[in-house]
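See below for the structure under consideration.
Note that the structure is predicted; figures quoted are calculated from it, not measured.
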Amino acid sequence: AKGDLKDYQGAISDYNKAIEIRPKHANSFRNRGIKKEQIQDMKGACADWRKASELGDEDAAKWVRNQC
């Protein structure tokens with residue numbers, strides 16, 4: 001919800017907590033990467049997408065190939 005309100009830092013913080021709880025949940029890494037991209041943190045976004053890709057997220061794998 002915070003991302004929808006353009007509170008990207010708040011959304012990233014929420015994803016950080018979600019990742020602490022479920023460190024193998026690819027969607028949290030993918031979505032945190034999206035929010036990092038929105039604040040122009042491409043290094044952080046790519047790191048999150050790589051992790052999501054390692055966890056089986058095919059969309060994240062495509063983003064790594066195309067944007068990182």
Side-chain angles (χ1 to χ4, degrees):
K2 290 181 182 175
D4 292 338
L5 298 172
K6 299 190 188 308
D7 178 8
Y8 302 127
Q9 292 293 347
I12 290 168
S13 178
D14 287 349
Y15 285 119
N16 290 341
K17 290 175 190 170
I19 289 167
E20 284 179 30
I21 295 168
R22 291 183 61 195
K24 295 189 180 197
H25 192 243
N27 286 346
S28 294
F29 284 99
R30 178 185 43 160
N31 292 335
R32 185 175 71 176
I34 292 168
K35 298 310 167 204
K36 288 181 178 180
E37 178 186 32
Q38 290 172 320
I39 62 167
Q40 308 302 311
D41 177 9
M42 286 308 294
K43 183 178 179 179
C46 288
D48 281 346
W49 294 335
R50 282 187 187 95
K51 182 62 176 178
S53 176
E54 290 171 14
L55 294 170
D57 188 303
E58 293 180 17
D59 287 331
K62 291 176 191 172
W63 296 339
V64 169
R65 285 192 302 271
N66 294 329
Q67 297 184 41
C68 300

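Here CZ of R32 is found 10.5 Å from NZ of K51. Values are rounded to the nearest 0.5 Å. Between C68 atom SG and M42 atom CE the span is 5.0 Å, to the nearest 0.5 Å. A distance of 4.0 Å separates CD of E37 from CH2 of W49, quoted to the nearest 0.5 Å. Taken from NZ in K17 to CG in D14, the straight-line distance is 5.5 Å, to the nearest 0.5 Å. With values rounded to the nearest 0.5 angstrom, K62 atom NZ is found 11.0 Å from S53 atom OG. Here the CD atom belonging to Q38 is positioned 8.5 Å from the CD1 atom belonging to I12, to the nearest 0.5 angstrom.
Minimum heavy-atom separation, S28 to A18: OG-CB, 3.8 Å.
A single hydrophobic cluster is seen to contain both L55 and I19, as judged by linkage of ILVMFWY side chains at heavy-atom distances under 4.5 Å, directly or through other members. Under the 4.5 Å side-chain heavy-atom criterion for Ile, Leu, Val, Met, Phe, Trp and Tyr, I34 and V64 are members of the same hydrophobic cluster.
Electrostatic pairing of K36 and D48 counts as a salt bridge here, judged by a charged N lying under 4.0 Å from a carboxylate O.
Taking the side chain as every heavy atom from C-beta outward, W63 and R30 approach each other to under 4.5 Å.
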